[in-house]
There are 2 protein chains.
Amino acid sequence: FIKVIDIAKKYKMGDVDFPALKGVSLAIDRGEFVAIMGPSGSGKSTFMNILGCLDVPTDGRYFLEGQEVGSLDKDDLAVIRNKKIGFVFQSFNLLARISAIENVELPLLYNGLSSKDRLQRGIAVLSAVGLKGKEYHRPNQLSGGEQQRVAIARALVNNPSIILADEPTGNLDSQTSAELMTLFKQLNKEKHITIVMVTHEADIASYADRRVCFKDGEIIKDECQ
Amino acid sequence: FIKVIDIAKKYKMGDVDFPALKGVSLAIDRGEFVAIMGPSGSGKSTFMNILGCLDVPTDGRYFLEGQEVGSLDKDDLAVIRNKKIGFVFQSFNLLARISAIENVELPLLYNGLSSKDRLQRGIAVLSAVGLKGKEYHRPNQLSGGEQQRVAIARALVNNPSIILADEPTGNLDSQTSAELMTLFKQLNKEKHITIVMVTHEADIASYADRRVCFKDGEIIKDECQ
Ligand SMILES: Nc1ncnc2c1ncn2[C@@H]1O[C@H](COP(=O)(O)OP(=O)(O)OP(=O)(O)O)[C@@H](O)[C@H]1O
Ligand SMILES: Nc1ncnc2c1ncn2[C@@H]1O[C@H](COP(=O)(O)OP(=O)(O)OP(=O)(O)O)[C@@H](O)[C@H]1O
Ligand SMILES: [Mg+2]
Ligand SMILES: [Mg+2]
């Protein structure tokens, strides 16, 4: 379903290359729930951006549902990014000038849904993450944790087959985090949605079936739990 | 040292007022280390922004070192914000187009230090938070946790007498978090720096002497530990 082979990523800093990923290989089955852990700066977000087709590796191959991502054209990539994958960024990436509900509806704009259906779906998913009543707040009228939950709602609204979440509970208290993980677990078990989630909190990682650990751009551990 | 009496904050949403803080009273002694916890949206950041003189309350009084903050003029407030208080924002607030070291040196620009002294202090504090070698990276060339540590370094560089930190370890792994908390503890014990820190992680809160819990804009618990 998801297979990466010897993925490397080098960032250019002046005339030096910094290896953020040093040849990472991993296979994830459809419907798996995988947690990714590792020290700050170990390459987790770099890896997630490549999985989400938001960045290209310097080396290596990436197969998604049997297709090699490196050989797809711009239009195919846009379909994957928009229809198949729901992405929760570590930095939220909300549009500041529009409301929570408008941010959440963005992925639906290309789907041909009526504005009434878009609104209905948006309100339902914001309520699922505990933000009923805050739909018309703009990001600067929401707390850090509320903004993070808008970002999660936006990733879920299009019923993607894969959810890629980068520290989705980093700004949330343990009660709100547990509610969100229960939602993730439900989507994973009942709808067979594949989830890859970066977290630094062990109790959050324990919701996953498998734990993959990064260090200095490499996978140093991969264990089921 | 820090005393707030019946602090209230209402946000205007359309023609409705939303009470983010409903009359909060608290006294913090010089050299205390206080953790602030509470559910997402309970008013923690609103409270911290008022403590940091970044926002004004709708009601109530705030005394800092015996002076009433509400009656100070713009220049006095700028001195407090710049010299007395180091602030770590929940959303980092780094300037995107300049490097880590330049972001960290910003608070020093108004101090009359030579550029050589500024550079030396900036490098020392970036190394103290584990970012030796990343000084010339811009924020988009750093990971989430590294950006957070630049924000912490910027709050420390001016040797403030008060550190206000809003979820300083939200994006950090447990090893890096422990190293930072050890640094905070050292600053608190050896230099008698007063620290007020918002966190949702119990093991981070345990570094503090006192734990204050917020819920729906009010303090519901205040216990020493
Ligand atoms: N400008 C604003 N207009 C309207 N409501 C606001 C505004 N800013 C914040 N709020 C509301 O005030 C409440 C308190 O926000 P605050 O940022 O203090 O919460 P918090 O305790 O820091 O939460 P978190 O743990 O998620 O960071 C939230 O419910 C938020 O929706
Ligand atoms: N554009 C860039 N140029 C140079 N170096 C970069 C760039 N982007 C990231 N890096 C470096 O690559 C390394 C990996 O970054 P990445 O964001 O993948 O880390 P991470 O594991 O997600 O860390 P965190 O837990 O702090 O979010 C970091 O050390 C970072 O400094
Ligand atoms: Mg990251
Ligand atoms: Mg907050």
Side-chain angles (χ1 to χ4, degrees), chain A residues 11-14 16 18 20 37-46 48-49 89-92 94 96 99 129-131 133-149 166-167 169-177 179-180 198-205 213-215, chain B residues 11-14 16 18 20 37-46 48-49 89-92 94 96 99 129-131 133-149 166-167 169-177 179-180 198-205 213-215:
Chain A
Y11 290 111
K12 261 207 172 338
M13 276 298 290
V16 173
F18 174 79
M37 301 186 84
S40 172
S42 57
K44 304 182 297 294
S45 292
T46 303
M48 295 287 280
N49 290 338
F89 297 90
Q90 190 171 2
S91 55
F92 314 158
L94 298 178
S99 68
V129 297
L131 288 179
K134 302 270 182 194
E135 295 85 353
Y136 296 96
H137 286 231
R138 287 193 308 283
N140 71 348
Q141 297 173 319
L142 292 169
S143 76
E146 290 168 340
Q147 290 176 32
Q148 185 154 49
R149 282 183 278 161
D166 197 343
E167 309 256 21
T169 63
N171 281 289
L172 296 175
D173 57 280
S174 39
Q175 165 80 16
T176 312
S177 297
E179 286 163 18
L180 267 170
V198 173
T199 181
H200 63 267
E201 296 178 60
D203 51 356
I204 299 294
C213 295
F214 275 66
K215 193 170 164 62
Chain B
Y11 290 112
K12 257 202 174 340
M13 277 299 289
V16 171
F18 174 77
M37 302 187 83
S40 172
S42 57
K44 303 184 297 296
S45 292
T46 304
M48 294 288 278
N49 291 336
F89 297 91
Q90 189 171 5
S91 53
F92 314 157
L94 298 178
S99 68
V129 298
L131 289 179
K134 301 271 185 198
E135 295 86 352
Y136 296 97
H137 286 233
R138 285 193 309 282
N140 70 349
Q141 298 174 321
L142 293 169
S143 75
E146 291 169 340
Q147 289 177 32
Q148 186 155 46
R149 283 183 279 158
D166 197 343
E167 309 254 18
T169 64
N171 281 289
L172 296 175
D173 56 285
S174 38
Q175 163 82 19
T176 311
S177 297
E179 286 163 15
L180 266 168
V198 173
T199 181
H200 63 266
E201 296 178 60
D203 51 358
I204 297 294
C213 294
F214 275 64
K215 191 176 170 62

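Proteins come first, then strands; the chains are lettered A, B, ... in the order of their sequence lines, and each starts at number 1.
We find the CG-OH distance between B/Asn140 and A/Tyr11 to be 9.5 Å, quoted to the nearest 0.5 Å.
The greatest number of non-hydrogen atom pairs below 4.5 Å with chain B, out of A/Leu172, A/Thr46, A/Thr176, is found for A/Leu172. Interface check for chain A: of the options B/Glu167, B/Glu146, B/Met13, the most heavy-atom pairs under 4.5 Å are formed by B/Met13. Between chain B and the residues A/Arg149, A/Gln175, A/Met37, the most heavy-atom pairs under 4.5 angstrom are made by A/Arg149.
The two residues B/Phe18 and A/Lys134 have their closest heavy-atom pair at CZ-NZ, 3.6 Å. Taking each heavy atom of A/Asn171 and B/Gln90 in turn, the nearest pair found is OD1-NE2, 3.0 Å.
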Kindly determine whether B/Ser40 and A/Ser143 satisfy side chain to side chain contact (heavy atoms under 4.5 Å, CB included), including the steps that lead there. CA-CA 7 Å; B/Ser40 172; A/Ser143 76; 3.7 Å; yes

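Neither the backbone nor the side chain of B/Ser177 has a heavy atom closer than 4.5 Å to any heavy atom of chain A. Only the side chain of B/Glu201 comes within contact range of chain A, with at least one heavy atom under 4.5 Å from a heavy atom of that chain.
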